[in-house]
Amino acid sequence: MNRFAQTLIVALLTLSVRSMAKPPADYFPPPDSKGGWRTTKTSEEARKLAGMDLARLEQAYQFTERCSQNGGLLVVRHGYLVFEKYYGRAYRYGNPDMASTGKAYTSIAIGIMLQEKRDQIPDGLNQKVFTEKYLPEAFPLDDPRKADITLGHLLCMSAGYWGEGGSPGVVYGKVVPLQPVPGQDIRNLDMSSLRTPLWTAPGQGYSYSSPAPHIASMVLRRLTGMDLKDYIDERLAKPMGWGAWNYCLHHGDYHMAHANGAGSIAVHATDALRFGYCLLHKGKWGNKQLVPADYIDLCNKPSPFNPHTPYTLMFENNSDGHVAGAPRDSYYKSGAGGFGIFVVPSLDLVIYKLGGHNGQYEPSLTGIPQVHEYDGSRDNWKYIPRTPFNEGSMGGDDGLRRVLEMVSAAVID
């Protein structure tokens, strides 16, 4: 073989590898029932096709195992499911209570509704919603300041609602201690959310308070005539091909009449990735624009509705670089127990971290049968506080941020 032929073969092989490394931008995975995500099989494929270091992803997973009783880690880059691993009761087709991770789904549903019903809510995120048109259940108002709450305030946790469980307030970066007050009651979800007291005037501070996104979902219910769960099913789940999913509507002898806009959605792990992948592609799925791209553009930027902390439209954003080891365009939503969905546009990356205690995996919450064979090996797992002398556990948002940093560090191209 002459030198020209050798050079040509090398060039063609190089071009082939590069073309494999970055699949077409219009790739969208079929439903799991029809083959699901494309995957990488080896560490070499992970490098060539997804630009990821598999050994570093394994380290991120090992860290994840220290964060919660049950859980897992899934990573998609360049459209390839490059890592998927679970422990405890978690598995691909499980339907755990994802807790506040569901707030992200509420926000995206609102984004769709704002476009579909723009004639009925002409001021969009600036719309004041405590009116007879949008929230007739709220009258008479128990606090006249609520008349100034906009949809944007509700979705940025700056409506002034008292933080749940003693969550502090934040005013322009300064923490304001708050005492616990009664918040949501699942047996009277709508009215308990509406009647939660304000600790400050709308827009004057941030505090993490679940009544706010549920009230936003009540506005959606009023304008669309559909419950949040049904709206998400039609606008997101069916177009993306999700498997069985639900909200955690069953609590002992009580069945909730409506999905809680504050969370407790329960979707398959690979479908949580589909949701994040849709956000990564600016709301597009296949040839359909499921979510307005301009709404998604707002989710990872500072918001005029919340100048107090980097939390925008139910997503924590890294615009200020507080997650030092992750790109500044990263944004994500966490949920109690260690759940989190992350989107990193600059790295073409989506991450889903599962967590949760055993109770969050109880099938009766959703009514969806769970067929996972579990050996009980994590039933006695306990959170171990970190000290200078041991690695211990790192739960909550601290653990989530560390996973984001570790997975970002595994990107090698």
Side-chain angles (χ1 to χ4, degrees), residues 67-68 97-107 142-143 145-146 149-186 188-217 248 260-265 299 302-303 305-318 320 322-323 331-341 355-357 359-360 383 385 393-402:
C67 293
S68 57
D97 179 353
M98 297 163 63
S100 287
T101 314
K103 290 178 171 68
Y105 293 77
T106 300
S107 172
D142 61 337
D143 186 327
R145 295 178 297 178
K146 290 183 178 180
I149 294 175
T150 66
L151 191 59
H153 289 141
L154 292 173
L155 294 174
C156 291
M157 296 292 195
S158 58
Y161 279 102
W162 211 281
E164 61 201 38
S167 295
V170 180
V171 177
Y172 295 106
K174 183 179 179 180
V175 175
V176 179
L178 299 176
Q179 296 299 314
V181 300
Q184 282 189 325
D185 177 356
I186 61 169
N188 190 13
L189 189 59
D190 287 358
M191 292 310 299
S192 64
S193 297
L194 291 169
R195 297 305 183 201
T196 298
L198 302 185
W199 69 278
T200 190
Q204 298 306 301
Y206 161 92
S207 188
Y208 193 88
S209 185
S210 286
H214 181 68
I215 294 168
S217 76
C248 297
N260 189 351
S264 290
I265 199 169
C299 293
S303 173
F305 296 104
N306 179 17
H308 310 286
T309 193
Y311 190 88
T312 303
L313 300 178
M314 294 297 148
F315 291 92
E316 181 172 336
N317 64 78
N318 196 36
D320 63 347
H322 66 279
V323 187
Y331 62 110
Y332 69 94
K333 184 68 194 79
S334 63
F339 287 88
I341 296 176
H357 54 74
Q360 288 176 266
Y383 181 86
S393 307
M394 186 182 285
D397 282 358
D398 288 338
L400 287 164
R401 294 179 186 119
R402 183 64 179 138

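We number each residue from 1, following the sequence as shown.
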Distance-only check: which donor-acceptor pairs under 3.5 Å involve side-chain atoms of residues 150-157, not counting sequence neighbours?
unit_1: Thr150; atom_1: OG1; unit_2: Gly152; atom_2: N; d: 3.4
unit_1: Thr150; atom_1: OG1; unit_2: His153; atom_2: N; d: 3.1
unit_1: Thr150; atom_1: OG1; unit_2: His153; atom_2: ND1; d: 3.1
unit_1: His153; atom_1: ND1; unit_2: Thr150; atom_2: N; d: 3.1

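Residues passing the salt bridge (Lys or Arg N to Asp or Glu O under 4.0 Å) test with Glu164: none are found, sequence neighbours excluded. In this structure, the side chain to side chain donor-acceptor pair (under 3.5 Å) partners of Asp190, at least two apart in sequence or on a different chain, are His214, Arg221. With sequence neighbours excluded, no residue forms a ring-ring contact (aromatic ring centres under 6.0 Å, His included) with Phe339. With sequence neighbours excluded, no residue forms a side chain to side chain donor-acceptor pair (under 3.5 Å) with Tyr311.
In this structure, the side chain of Gln204 does not engage the main chain of Ala201 through any donor-acceptor pair within 3.5 Å. Side-chain N or O atoms of Ser158 include one that pairs as donor or acceptor with a backbone N or O of Phe305 at under 3.5 Å. Side chain of Asn318 to main chain of Tyr331: no donor-acceptor pair is present (N/O by atom type, distance under 3.5 Å, no hydrogens or angles). Between the Lys103 side chain and the Ala262 main chain, a donor and an acceptor come within less than 3.5 Å of each other. A distance-only check finds no donor-acceptor pair linking the side chain of Ser68 to the backbone of Gly355 [under 3.5 Å].
You'll find the side chain of Met314 reaches within 4.5 Å of the side chain of Pro213, heavy atoms only. At least one side-chain heavy atom of Asn260 sits under 4.5 Å from a side-chain heavy atom of Leu189. Between Leu400 and Ser334 the shortest side-chain heavy-atom distance falls below 4.5 Å.
Within the structure, ring-ring contact (aromatic ring centres under 6.0 Å, His included) contacts touching residues 159-185 (residues at least two apart or in different chains) are Tyr172-His308.
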